[in-house]
There are 2 protein chains.
Amino acid sequence: MNLTDACAAIEKSIGKKFSTIIMCNCEINYFGRARSHLAQGDRIIIIKSDSCILIHKPKGRNPVNWMSSTPEITLSMELDYFQLKASSIKPKEELLINVFEVYSISSHPLIDTEQLKLAGSERDMSDMIYEKPQLVKEDFKPINREEKTDYGFLDVFGYDSKGNFVIVECKRYTAGLDAVTQLRRYVEKVKSSKGVSNVVGIIAAPSISPKALKMLTDWGFSYKQVNAPKNFKNDEISQEKINKFF
Amino acid sequence: MNLTDACAAIEKSIGKKFSTIIMCNCEINYFGRARSHLAQGDRIIIIKSDSCILIHKPKGRNPVNWMSSTPEITLSMELDYFQLKASSIKPKEELLINVFEVYSISSHPLIDTEQLKLAGSERDMSDMIYEKPQLVKEDFKPINREEKTDYGFLDVFGYDSKGNFVIVECKRYTAGLDAVTQLRRYVEKVKSSKGVSNVVGIIAAPSISPKALKMLTDWGFSYKQVNAPKNFKNDEISQEKINKFF
DNA sequence: TACTACATCTCGCAT
DNA sequence: ATGCGAGGTGTAGTA
């Protein structure tokens, strides 16, 4: 494809706020929060209607370069390439793409008013524990969940039958050292803020790493195996399907 | 575009391991680590040569759905749509895309042997501190950097002139509470493992959050402002350009 | 705006 | 395979 024509076509597509996708040979320089250089090769450039730019190599899940924060996009034709330049002010960043060859351009006004419905987040997990506290501790009476308290962001907290303050830290995946130190921070904060010592710390997660478990028990906390729920709310029938799948 | 033809074209492109990009109207269901549903709308489907699949809405930086771990991809024509199905075994996941309308298909064998060169990572920062320890503490004599010891991953560590053990935790961005708890964990580990008490903990970062700073000083640690370097190694001329840009 | 913590995080590295 | 920590992380929620 002729470079000049391609450059003009892209400029037009961007101007119309169409989703624009370019398969091309290019080199890329980035300056900003870090600095990067990628020598010439074949890539996919995606320019969305909100001026978000993604550049993908032919392999891998993540973009090799990108620019998301409301950039200005300008195109300029040079001798044997055209340059696509995207800038943002805060953070101060600059993305320079020199395009040497264009294999294909796709341009279309895409409309999508729907939003993703997701089940199985940590929030869903803490909701479940709040509703069924016995999943974590027989005599656990939760007061609240996912609350930014004076003590920090506690996933679920309340009291047990002995009057101990109970703090539950949820992880939807294997709990590691981070999770334990996080729990410790919350427990210490509650102890010092309330001036009490009878605080029970519990990690609720599908699994826990050995080192994390050791650290946990060393500090007098405990672990309870809990899996994140995967049913949509107000969607009774779904759990059956899920069980069939897993 | 005719759905049956589109389905065949996509199947052929995937079979040849071409990078394949589809602008289409579709609905998406995902089962796996979580569960998600996205009702009908216009999206961009990217299928790479390594069978990595990304689905993008017309806005935003991140894919709304994806599948990266060596999935099998199958296509099947139904009455008024065709289904693209991707499965992976571990983790057990399934991605179902029902395509109702195809606006464009791009297919090309992309070749890219180059790799991103990046400057300004935390590793670059700890290298710099190792080489210029006075950036952190006048009398700091580093022993090693980026070492996985029995105590954890210490960014830079060594001794000062008073014989104190010094641990430096680097962050390339604003240090938060997690950075402080991480440093604390390392310091405590070193203290208990070596049976010493004279351990100095320092956070080196361009900035630090107020709460993190309070916690840091409460625990007797300190903060030193350090910025990540942004010059490529063996690239003397570059720093000049960087200075001009910033 | 700044701070905090989650994410279907992903990715690399080391055990 | 698992554990651990960085990331140009991005993103949402909140004060």
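What you see below is based on every heavy atom in this structure, not just the backbone, and it leaves out hydrogens, waters and symmetry mates. Not measured: the values here are computed from a predicted model. Reminder, nothing fancy here: chain letters follow the sequence lines and each chain counts from 1.
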Fill in the blank from the handout: To the nearest angstrom, the CG-C1' distance between B/Leu154 and D/dC4 comes to 13 Å

Exercise for the section: Check salt bridge (Lys or Arg N to Asp or Glu O under 4.0 Å) between A/Arg145 and all other residues, then give those that pass, not counting sequence neighbours. Expected result: A/Asp127

Practice task
State which residues pass side chain to side chain contact (heavy atoms under 4.5 Å, CB included) with B/Glu114; sequence neighbours excluded, sorted by chain then number.
Solution key: A/Leu38, A/Ala39, A/Arg43, B/Asp112

Practice task
Mind calculating the distance between CG (B/Asp178) and C1' (D/dA6) to the nearest angstrom?
Solution key: 11 Å

Handout entry: Side chains of B/Ser209 and B/Thr174, donor plus acceptor under 3.5 Å
Key = no

Completion exercise
Contacts of A/Leu116 and A/Lys90 projected onto DNA chain C by closest heavy atom; the upstream (5') one is A/Lys90

Exercise for the section: Please list, chain by chain and in numerical order, all residues satisfying salt bridge (Lys or Arg N to Asp or Glu O under 4.0 Å) with A/Arg185, sequence neighbours excluded. Expected result: none

Fill in the blank from the handout: Taking for A/Ser207 and for B/Arg123 the nucleotide of DNA chain D with the nearest heavy atom, the one nearer the 5' end belongs to A/Ser207

Practice task
Check the distance between D/dG8's P and A/Ile97's CD1 and give it to me in whole angstrom.
Solution key: 17 Å

Completion exercise
Picking from D/dG8, D/dC4, D/dG5, the nucleotide nearest the side-chain atoms of A/Ser209 would be D/dC4

Exercise for the section: Classify the side chain of A/Glu93 versus the base of D/dG8 as yes if they form a donor-acceptor pair under 3.5 Å and no if they do not. Expected result: yes

Handout entry: With A/Lys214 via salt bridge (Lys or Arg N to Asp or Glu O under 4.0 Å) - residues at least two apart
Key = A/Asp218

Handout entry: Between D/dA12 (P) and A/Leu118 (CG): distance, integer Å
Key = 12 Å

Practice task
Send over the distance from A/Leu213 CG to D/dT2 P, rounded to a whole Å.
Solution key: 17 Å

Handout entry: Contacts of A/Asn29 that satisfy side-chain hydrogen bond (donor to acceptor under 3.5 Å, both in side chains) - sequence neighbours left out
Key = A/His37

Problem - Residues touching DNA chain D, which here means a heavy atom under 4.0 Å, drawn from residues 61-68 of chain A - result: A/Asn65, A/Trp66

Exercise for the section: Just call it for B/Pro91: base, sugar-phosphate, or nothing, with non-hydrogen atoms closer than 4.0 Å on any strand. Expected result: nothing

Practice task
Please identify each residue that fulfils side chain to side chain contact (heavy atoms under 4.5 Å, CB included) with A/Thr70, with sequence neighbours left out.
Solution key: none

Exercise for the section: Sort out for me which residue in B/Asn65, B/Ile45, B/Leu75, B/Ile22 forms a side chain to side chain contact (heavy atoms under 4.5 Å, CB included) with B/Ile97. Expected result: B/Ile45

Problem - Contacts of type ring pair (Phe, Tyr, Trp, His ring centres under 6.0 Å), residue B/Tyr30, not counting sequence neighbours - result: none

Exercise for the section: Specify the separation, in whole Å, of atom NZ of B/Lys211 and atom C1' of D/dA15. Expected result: 9 Å

Handout entry: A/Leu54 CG - D/dG10 C1' separation (whole Å)
Key = 12 Å

Practice task
Would you indicate what A/Ser121 reaches in the nucleic acid, counting non-hydrogen atoms under 4.0 angstrom: base, sugar-phosphate, or nothing?
Solution key: sugar-phosphate

Practice task
Tell me, please, which residues at least two apart from A/Lys189 pass salt bridge (Lys or Arg N to Asp or Glu O under 4.0 Å).
Solution key: none

Problem - Rounded interatomic separation in angstrom, taking CD from A/Glu122 and P from D/dG13 - result: 14 Å

Problem - Any B/Gln182 side-chain nitrogen or oxygen under 4.0 Å from OP1 or OP2 of D/dA6 - result: yes

Problem - Members of residues 165-175 of chain A that approach DNA chain C, where some heavy atom sits under 4.0 Å away - result: A/Glu169, A/Lys171, A/Arg172

Practice task
Indicate, with a heavy-atom threshold strictly under 4.0 Å, whether B/Tyr30 touches base, sugar-phosphate, or nothing.
Solution key: base

Problem - B/Gln225, CD: over 12 other non-hydrogen atoms inside 6.0 angstrom - result: yes

Practice task
Tell me, please, which residues at least two apart from A/Asn62 pass side chain to side chain contact (heavy atoms under 4.5 Å, CB included).
Solution key: none

Practice task
Could you give the distance separating D/dA6 and C/dC6 at their P atoms, to the nearest angstrom?
Solution key: 16 Å

Completion exercise
Bounded by its outermost nucleotides with an atom under 4.0 Å from a heavy atom of chain A, the footprint on DNA chain C reads C/dT4 to C/dC11

